[in-house]
Amino acid sequence: MRLARIATAAGPRFATPVEGGWQPVADPFAAFADGSAPSAIGDPVADAQLLAPTEPAVVVGIGQPAAPGGGISGWLKSPRTIVASGVDVIARRDAGRVVVEGEVALVIGRGTAGLTARNAAEYVLGVTAVNDVSSPDREDPKNFEVKGGRGYTPLGPWIETEFDLARVDLSVRIDGVERVRTGSHELAASAAECLAYVTHWVELGPGDVVMTGAPRSAFAIEPEALVEIDVAGVPLRTRFR
């Protein structure tokens with residue numbers, strides 16, 4: 001199922017695609033907790049504006065180990081850096097190179113008490129595309145300055161709820177040229193291991209996001225670059241000014 005958030009006169013609503021538009025649905029996180037699909041509410045909306053597909057309280061970035069079995073690291077990234085697909089981002093000009101990082105983002109479906117590497121997929125509502133934009137020339141081991149630009153977390157445009165956590169495909173195109181085709185299967189620490197690491201230290205809740213790291217998918221860009229990141233068929237598009 002494709003699950004988006006759309007702008008309506010009554011405020012943001014979750015919705016699924018139907019012929020000619022988007023069908024608003026009930027709270028998908030409540031439905032996930034019940035083991036059901038969200039029910040339709042009202043009439044479809046034509047020409048809907050897609051928002052970022054979740055409003056997380058917590059966004060976690062993952063530092064992948066150099067090789068399988070190595071140590072995982074993590075950091076918190078401000079949810080205020082999230083922007084929707086199609087929103088232009090004005091890159092910082094005071095922090096050196098601008099690097100885009102195409103990553104698989106995991107959207108948490110319920111509280112993570114009891115999550116392990118073996119059952120991690122049971123806690124994930126779905127996957128989406130994320131661009132973990134960075135300014136890596138800064139000497140900032142905590143990633144506070146490196147990752148903190150306005151709009152530095154393009155996300156979406158929807159959540160794909162049908163996925164294999166061990167094999168989520170990922171590709172990055174810059175100005176129409178494919179730069180890499182990879183996926184979660186190339187991560188040194190698996191997506192499940194990343195979730196187990198994070199939730200050992202920080203409990204997550206519905207709508208929170210874990211960015212799983214960049215498997216050969218980080219690239220420096222120039223002004224006016226158009227960056228397209230596809231994760232499991234979710235097409236994230238961002239122009240950098």
Side-chain angles (χ1 to χ4, degrees), residues 1 3 5 14 27-36 38 52-82 101-132 134 141-144 146-148 152-153 155-156 158-170 183-215 217 231-232 234:
M1 173 188 290
L3 185 64
R5 286 174 66 246
F14 285 100
D27 181 1
F29 299 106
F32 183 80
D34 291 338
S36 60
T54 181
E55 287 188 300
V58 179
V59 179
V60 181
I62 291 292
Q64 284 283 330
I72 303 170
S73 61
W75 61 85
L76 298 177
K77 192 171 186 181
S78 171
R80 292 182 180 272
T81 62
I82 290 176
E101 300 180 21
E103 303 186 19
V104 176
L106 310 178
V107 181
I108 303 301
R110 58 190 176 101
T112 54
L115 185 151
T116 67
R118 287 182 176 272
N119 67 10
E122 299 173 11
Y123 293 79
V124 178
L125 174 66
V127 301
T128 192
V130 67
N131 189 342
D132 183 19
S134 305
K142 295 183 179 180
N143 282 333
F144 178 72
V146 168
K147 305 279 189 179
Y152 268 31
T153 315
L155 185 74
W158 57 73
I159 300 165
E160 175 55 65
T161 64
E162 296 181 11
F163 61 92
D164 175 0
L165 207 56
R167 183 71 191 236
V168 182
D169 291 333
L170 162 69
S184 62
H185 57 287
E186 291 200 36
L187 294 170
S190 71
E193 290 170 333
C194 292
L195 283 177
Y197 164 77
V198 170
T199 59
H200 177 77
W201 298 106
V202 177
E203 185 169 354
L204 302 178
D208 288 342
V209 170
V210 175
M211 306 181 295
T212 55
S217 52
V231 170
V234 181

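Computed over heavy atoms, backbone and side chain alike; hydrogens, waters and symmetry mates excluded. The chain is numbered in sequence order, starting from 1.
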Rounded to the nearest 0.5 Å, what's the gap from [atom1] on [X] to [atom2] on [Y]? Could you check?
X      : Y      : atom1 : atom2 : answer
Ser184 : Leu170 : OG    : CG    : 9.0 Å
Glu186 : Arg167 : CD    : CZ    : 8.0 Å
Lys77  : Asn143 : NZ    : CG    : 9.0 Å
Ser217 : Asp132 : OG    : CG    : 10.0 Å
Tyr197 : Ser190 : OH    : OG    : 14.5 Å

Which heavy atom of [X] sits nearest to which heavy atom of [Y], and what is that distance?
X      : Y      : result
Pro56  : Pro79  : O-CB, 3.5 Å
Ala120 : Leu165 : CB-CD2, 4.3 Å
Pro215 : Gly213 : CD-O, 3.2 Å
Thr112 : Val202 : OG1-O, 4.5 Å
Thr199 : Leu195 : OG1-O, 2.8 Å
Phe32  : Glu122 : CZ-O, 3.3 Å

| Contacts of Ser73 that satisfy side chain to side chain contact (heavy atoms under 4.5 Å, CB included) - sequence neighbours left out |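 For Ser73 there are no side chain to side chain contact (heavy atoms under 4.5 Å, CB included) partners, ignoring immediate neighbours.
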| Considering residues at least two apart in sequence or located in another chain, which fulfil the side chain to side chain contact (heavy atoms under 4.5 Å, CB included) criterion with Pro206? |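 Pro206 satisfies side chain to side chain contact (heavy atoms under 4.5 Å, CB included) with Phe29 once adjacent residues are dropped.
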Is the backbone N or O of [Y] less than 3.5 Å from a side-chain atom of [X], with the two atoms forming a donor-acceptor pair by type?
X      : Y      : answer
Glu160 : Glu162 : yes
Asp34  : Ala31  : no
Asp169 : Gly183 : no
Ser134 : Val146 : no
Tyr123 : Thr116 : no
Thr212 : Ala191 : no

Heavy atoms, side chains only, cut-off 4.5 Å: are [X] and [Y] in contact?
X      : Y      : answer
Ile72  : Pro65  : yes
Leu3   : Pro53  : no
Met1   : Pro28  : no
Val127 : Ile159 : no
Thr54  : Ile108 : no

| said: Exactly one of Leu106, Val209, Leu155 should register a side chain to side chain contact (heavy atoms under 4.5 Å, CB included) with Thr128. Which one does? | reply: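 Result for side chain to side chain contact (heavy atoms under 4.5 Å, CB included) with Thr128: Leu155.
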| task | Run through Lys142, Glu101, Met211 and flag the one making a side chain to side chain contact (heavy atoms under 4.5 Å, CB included) with Lys147. | result |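 Single side chain to side chain contact (heavy atoms under 4.5 Å, CB included) partner of Lys147 among Lys142, Glu101, Met211: Glu101.
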| message | Other residues, nucleotides and ligands only: do more than 12 of their heavy atoms fall within 6.0 Å of CD on Glu55? | response |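 No, CD of Glu55 has 12 or fewer neighbouring heavy atoms, counting only those of other groups under 6.0 Å.
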| request: Please test Ile62 against Val198 for side-chain contact (heavy atoms from CB on, under 4.5 Å), starting from the C-alpha separation and ending with a verdict. | output: CA-CA 9 Å; Ile62 291 292; Val198 170; 3.6 Å; yes
